[in-house]
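All heavy atoms count here, side chains included; hydrogens, waters and symmetry mates do not. This structure is a prediction, so every number in the text was calculated from the model and none was measured. Residue numbers run from 1 in the order of the sequence given.
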Amino acid sequence: WAASHLDAGDDDALLDWKRQGPDPMRAHPSSEHWDPLFAAMGAAGRAKPRTVFEGFEHRNLSLRSLIWD
């Protein structure tokens, strides 16, 4: 869900993850995992992120890493 909204540049949906995300309270009961993403998005302005690494650990822990050029 997050990857597709990042790729689409849908910042509004990402910022509204508690209402729009799939089962958000189960996946992320608090915002500390989202906060670094939002800080990077704000610092990048309108630049679009690019994935530099993608993978999973323990079948459910995303290791996706982004860069804003």
Exercise. If we only count heavy atoms from C-beta on, is the V52 to L66 side-chain gap below 4.5 Å?
Worked result: no
Exercise. CG/L37 to CG/L14 distance, rounded to the nearest 0.5 angstrom?
Worked result: 6.5 Å
For this session: Please report the closest heavy-atom contact between K18 and P24, naming both atoms and the distance.
Result: O-CG, 3.2 Å
Exercise. Mind checking what makes ring pair (Phe, Tyr, Trp, His ring centres under 6.0 Å) contact with W68, not counting sequence neighbours?
Worked result: none
For this session: Output all residues satisfying side-chain contact (heavy atoms from CB on, under 4.5 Å) with L15, sequence neighbours left out; order by chain, then residue number.
Result: F38
For this session: Quick one: list whatever passes side-chain contact (heavy atoms from CB on, under 4.5 Å) with D16, sequence neighbours left out.
Result: R19, Q20
For this session: Find out whether W1 and D23 are in side-chain contact, i.e. whether some heavy atom of one side chain is under 4.5 Å from a heavy atom of the other.
Result: no
Problem set entry | Listed partners of H33 passing side-chain contact (heavy atoms from CB on, under 4.5 Å), at least two apart | H28
For this session: If a pair satisfies salt bridge (Lys or Arg N to Asp or Glu O under 4.0 Å) and one of its residues is in residues 32-48, list it, with sequence neighbours excluded.
Result: D11-R46
Exercise. Residues two or more places apart in sequence or in another chain: which of them pass side-chain contact (heavy atoms from CB on, under 4.5 Å) with F56?
Worked result: S62
For this session: Report the distance from atom CE of M25 to atom OG of S30, rounding to the nearest 0.5 Å.
Result: 8.5 Å
Problem set entry | CA sep, side-chain torsions, deciding dist, call: D12, H5, side-chain contact (heavy atoms from CB on, under 4.5 Å) | CA-CA 9 Å; D12 291 333; H5 287 285; over 6 Å; no
For this session: Taking the side chain as every heavy atom from C-beta outward, state whether E54 and L63 have any atom pair closer than 4.5 Å.
Result: no
